Protein chains: 2
Amino acid sequence: MQGTLPQDGSGQPNTEKPTRLPTHQVVYQRLREAVLFGELAPGEPVTIQGLIERTGAGMTPIREAIRRLTSEGALEFRGNRRVLVPMPTPDAIEELIFLRETLEPQLAARAAEKATKADIAALDRIDSALDDAITRGDVVAYLRQNHAFHMKLNDIADAPILADVAGGVWLRFGPAMRVVCGRMGTQNLPDNHKTAIQALRDADSKTAAEAIRLDVVQGMEQLLQALKDAEGFREAID
Amino acid sequence: MQGTLPQDGSGQPNTEKPTRLPTHQVVYQRLREAVLFGELAPGEPVTIQGLIERTGAGMTPIREAIRRLTSEGALEFRGNRRVLVPMPTPDAIEELIFLRETLEPQLAARAAEKATKADIAALDRIDSALDDAITRGDVVAYLRQNHAFHMKLNDIADAPILADVAGGVWLRFGPAMRVVCGRMGTQNLPDNHKTAIQALRDADSKTAAEAIRLDVVQGMEQLLQALKDAEGFREAID
DNA sequence: TCAATCAGAATATGATCAAATTATTTTTAG
DNA sequence: CTAAAAATAATTTGATCATATTCTGATTGA
């Protein structure tokens, strides 16, 4: 989250398509990741000026990125002119549980009908990296790989609107996830991914949906519990 | 959709709080309504330059408004440099049916537990205006009041995230709604609102949810059918 | 304690630069 | 000689930045 901007993150020499993506896209993706994986802590104020210094970008693209994120719920307009990363309340988490429990099993079921060998191989690869992260106790890597797994699964389902909405939900509980996992480490985290992958191999919608539902509910209930326990750090936000 | 900008839509002399809302907000709301109620037809290109002329606003606030709308799915990046109002495919409508059928009954159920007398009175008022619009055959007024009814109901439920997501869904099928209703008039439109209102009076969550579920499904199935019938105008978009 | 002034931050405009599409011209083939 | 295709020129649109203006919050003095 620093340094000069002009990189597209592909790592490749950027031949083939010299059309680099616009700055506002890059800033958007950076901010999005910063929110998702806890580079920006909940309650931390996000100022335009600060981002100008941090990214080296101009003012206009930054404003556009902030607008997008606020309209997706990743950032919040607080009071007069302050934008910050919101910390979800227990009530909000409860809403997010409902959304995830509804959307993601549905997407998993559809994915089971559409998944190709290549898709399944990709999921397998991600899940291995995820296991790695858990054994290493690397919280951020866990968050990234877990996110990647679910997004890939949603992508396979070939239901772009549902996947889009589901992705937006992750944006809202991401900050809380980071805080809680930072405290609890990578112990006791749910992993029903292997069941889900096998269900995809068998084209078994029912089982895939149930595996994901379990994964979602277990993870989110844990999150909710941790939040309710530690009402302490709420003062830091307000 | 023309004329000078500085109006906040309140119609009031704007005493009390001389802090007019920022231009980008106004532009956003205008564009949002234009998409929702068919002022902007599906397939119609939306250019920054065009909006500058139409609204008289500067470039920056317009860019911000467009970013917000695209990230909500109300506008779509098509090809290189064109932004337009997307016409949902039948597949997309099917996804939207799932979302509405899931979210709105849930919100109605919650609303039944929370509604005050004032809330119910407001819903009654909106529904009367809706009936008026139907008997007059005023398509745009029907769309506006129907939208207002469902949004008010969602608002009563006191579940801001769910309401937000549900509102986003409306943005995606709004354009199609306008086209179809423009062809069919206000005949045969579903209206289970009175059942829902009564259920709110009785604090009967089950009945409220089922009434809204019916309302949603009937309306959306009709929309889907009309779209499938008239695959004709798809050529106009692409 | 309240008001006035000042500093800092955000909003909004216009100018400038780059990219793309469209129109025009030129060349080539039938 | 005409028509079609390719190349180039011109207009249109989008992206970014620098700058001016407005608004908010704080601090200081009465």
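Below, read A as the first sequence line, B as the second, and so on, with proteins coming before strands; counting in each chain starts at 1. All of these numbers come straight from a predicted model, not from anything done at the bench.
- Atoms CG (A/L84) and C1' (C/dA9) sit 16 Å apart, rounded to a whole Å.
- B/R82 has its CZ atom 10 Å from the C1' atom of D/dT12, to the nearest Å.
- The shortest side-chain heavy-atom distance between B/L189 and B/N146 does not fall under the 4.5 Å cut-off.
- Among residues two or more places apart in sequence or in another chain, the ring pair (Phe, Tyr, Trp, His ring centres under 6.0 Å) test is passed with A/F149 by A/H193.
- Applying the side-chain hydrogen bond (donor to acceptor under 3.5 Å, both in side chains) criterion to B/R67, with sequence neighbours excluded, gives A/H24, A/E64.
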Dump the pairs, protein N or O against N or O of nucleotides 12-16 of chain C, anything under 3.5 Å, distances to one decimal.
{"residue": "C/dA12", "atom": "OP1", "partner": "B/T23", "partner atom": "N", "Å": "2.3"}
{"residue": "C/dA12", "atom": "OP1", "partner": "B/T23", "partner atom": "OG1", "Å": "2.8"}
{"residue": "C/dT13", "atom": "OP2", "partner": "B/G58", "partner atom": "N", "Å": "2.6"}
{"residue": "C/dT13", "atom": "O4", "partner": "B/T60", "partner atom": "OG1", "Å": "3.4"}

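- Nucleotide D/dA15 holds its C1' atom 11 Å from the CZ atom of B/F77, rounded to whole Å.
- Checked against side-chain hydrogen bond (donor to acceptor under 3.5 Å, both in side chains), B/E104 has the following partners two or more places apart in sequence or in another chain: B/R100, B/H150, B/W170.
- If you take CD of A/Q49 and P of D/dA18, they are 13 Å apart, rounded to a whole angstrom.
- Atom CG of B/L51 and atom P of D/dA15 are 13 Å apart (whole Å).
- Scanning for side-chain contact (heavy atoms from CB on, under 4.5 Å) contacts around A/D138 gives A/R136, A/V140, A/A141, with sequence neighbours left out.
- Atom CD1 in B/I66 sits roughly 14 Å away from atom P in D/dT16 (whole-Å rounding).
- Evaluation of the salt bridge (charged side-chain N to carboxylate O under 4.0 Å, His left out) rule for B/R178 yields no partner, not counting sequence neighbours.
- Rounded to whole angstrom, the span from the CD1 atom of A/I52 across to the P atom of D/dA18 amounts to 10 Å.
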